[in-house]
Amino acid sequence: MLTLLQAIEERRSVRTFTHTPPGAALLRECGAEATAALRLPPQGALDGVRIGTYGVISGTPAYAAVLCDPADTAAAVAAGMAGERFVLEAVRRGLGTVWLGATYDRRAIERSLGDTAGGPCAVIAAGYPAGRLRLAERIMRGAIRSASRHSAAELVVAGTPAPEAMRGIEAARLAPSARNRQPWRFAANRDGSIDVYALGTGRFDALDCGIALCHFLVAAPMYTLGAPRNPHPTLTPIATLIQR
């Protein structure tokens, strides 16, 4: 089985799946460390329901719902971290995944979950990748520039991070985000801590920052996540990473 670091390097957004859905036991393994922000619909709850809309998803994946209020920054960050941990655990076990922020049937997901506090802010499709990309998926990858990412250095807006922090930032740059915007930025402080900022206050910015922070903490486990400490004149404070 892959390590979490290897899963970060191997992960790609997959939208074309086989017609063999992953079993419930495998999905429970992937979500074993999930928080209340991540919910797996009961087995069979989505049978016959096409969740991925507009031809975005092909095949028969399973879905995990990510629950949070996108306007609550701390909750959205936590939800992003929980969802991406599910993604990495799925990749470790040979599954393909993709985050869906808009192109899914929200009502179908809500019905499958039943009575739950808050609706989904995103869903994660997880299943066995098909061997060949569809034309629609190749076009979508090109449209969102899936292969184009900022360098780790471009994500640092102030200071000089320690080598161990740069390992975390390098892992963060591989994280998925809405339209591949990579809205996270890092600033190194003299005490060794790292301030984390979002480019703005868009609907998915805090969630995406949580996804990136999951990667950071896997690659740099000597850091722990704390509340934001320092304001920034143009960026939105998200969190502070503190060495243990």
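All residue numbers in this chain count up from 1 along the given sequence.
Residues Ile194 and Tyr197 are members of separate hydrophobic clusters, defined by side-chain heavy-atom contacts under 4.5 angstrom among Ile, Leu, Val, Met, Phe, Trp and Tyr. Side-chain heavy atoms closer than 4.5 Å link hydrophobic residues (I, L, V, M, F, W, Y) into clusters, and following such links, possibly through other members, connects Ile169 to Val196. Hydrophobic cluster membership is shared by Phe86 and Val66, with clusters built from Ile, Leu, Val, Met, Phe, Trp and Tyr side chains linked at under 4.5 angstrom. Leu100 is not connected to Ile211 by any chain of hydrophobic side-chain contacts under 4.5 Å among Ile, Leu, Val, Met, Phe, Trp and Tyr, and they are in different clusters.
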Check step by step if side-chain contact (heavy atoms from CB on, under 4.5 Å) holds for Arg181 and Leu199. CA-CA 9 Å; Arg181 288 182 60 240; Leu199 289 179; 4.1 Å; yes
Set out, in order, the CA-CA distance, both residues' side-chain angles and the distance that settles side-chain contact (heavy atoms from CB on, under 4.5 Å) for Thr97 and Leu88, then state yes or no. CA-CA 9 Å; Thr97 65; Leu88 296 180; over 6 Å; no
Decide side-chain contact (heavy atoms from CB on, under 4.5 Å) for Ile124 and Val98; before the verdict, give the C-alpha distance in whole Å, the side-chain angles of both, and the deciding distance to 0.1 Å. CA-CA 6 Å; Ile124 301 166; Val98 64; over 6 Å; no
Can you list the steps and then say if Trp99 with Val87 is a side-chain contact (heavy atoms from CB on, under 4.5 Å)? CA-CA 9 Å; Trp99 281 83; Val87 164; 3.6 Å; yes
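Side-chain contact check for Asp105 versus Ile109: every heavy-atom pair is 4.5 Å or farther apart. The closest side-chain heavy-atom distance from Asn230 to Pro237 is not below 4.5 Å. Using a 4.5 Å heavy-atom threshold, the side chains of Ile8 and Val91 count as separate. Proximity of Ile57 to Thr16: side-chain heavy atoms (C-beta onward) are nowhere separated by under 4.5 Å. Here the side chains of Arg11 and Leu174 are not in contact, with every heavy-atom distance at 4.5 Å or above. Side-chain contact between Leu38 and Leu67 is absent, with no heavy atoms from C-beta onward closer than 4.5 Å.
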I'd like a table of donor-acceptor pairs (distance under 3.5 Å, sequence neighbours excluded) in which one partner is a side-chain atom from residues 183-190, with atom names and distances.
residue : atom : partner : partner atom : Å
Arg185  : NH1  : Gln182  : O            : 2.7
Asn189  : ND2  : Ser193  : OG           : 2.9
Asn189  : ND2  : Asp195  : OD2          : 3.1

Acceptor/donor pairs from residues 155-163 side chains to any protein atom, 3.5 angstrom cut, sequence neighbours excluded:
none

Considering only distance and modelled atom types, tabulate donor-acceptor pairs under 3.5 Å from the side chains of residues 212-228, sequence neighbours left out.
residue : atom : partner : partner atom : Å
His215  : ND1  : Ala171  : O            : 3.0
His215  : NE2  : Glu84   : OE2          : 2.7

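Here salt bridge (charged side-chain N to carboxylate O under 4.0 Å, His left out) pairs that include residues 227-244, with residues two or more places apart or in two chains, are Asp191-Arg229. Legend: salt bridge (charged side-chain N to carboxylate O under 4.0 Å, His left out) pairs involving residues 210-219, not counting sequence neighbours: none detected.
Legend: residues meeting ring pair (Phe, Tyr, Trp, His ring centres under 6.0 Å) with Phe17, ordered by chain and number and at least two apart, are absent. Contacts of Thr234 classified as side chain to side chain contact (heavy atoms under 4.5 Å, CB included), with partners at least two apart in sequence or in another chain: His232. Listed by chain and number, the residues in a salt bridge (charged side-chain N to carboxylate O under 4.0 Å, His left out) with Arg93 are Glu29, Glu89 (sequence neighbours excluded). His150 is linked by a side chain to side chain donor-acceptor pair (under 3.5 Å) to nothing, counting only residues two or more places apart in sequence or in another chain. For Arg167, the salt bridge (charged side-chain N to carboxylate O under 4.0 Å, His left out) test picks out no residue, with sequence neighbours left out. Residues passing the side chain to side chain contact (heavy atoms under 4.5 Å, CB included) test with Thr201 are Thr236, sequence neighbours excluded. In this view, Thr60 and His19 satisfy the side chain to side chain donor-acceptor pair (under 3.5 Å) rule, not counting sequence neighbours.
A donor-acceptor distance shorter than 3.5 angstrom exists from the side chain of Glu154 to the backbone of Ser151, with no hydrogens or angles considered. Under a 3.5 Å cut-off, the side chain of Arg149 and the backbone N or O of Ala175 do form a donor-acceptor pair. In terms of modelled atom types and a separation under 3.5 Å, the side chain of Arg106 and the main chain of Pro120 share a donor-acceptor contact.
Between Arg173 and Glu170 a salt bridge is recorded (basic side-chain N to carboxylate O distance below 4.0 Å).
Distance check, rounded to the nearest 0.5 Å: OH of Tyr128 to CG of Leu26 gives 5.0 Å. The distance from the CG atom of Asp208 to the CD1 atom of Ile238 is 10.0 Å, given to the nearest 0.5 Å.
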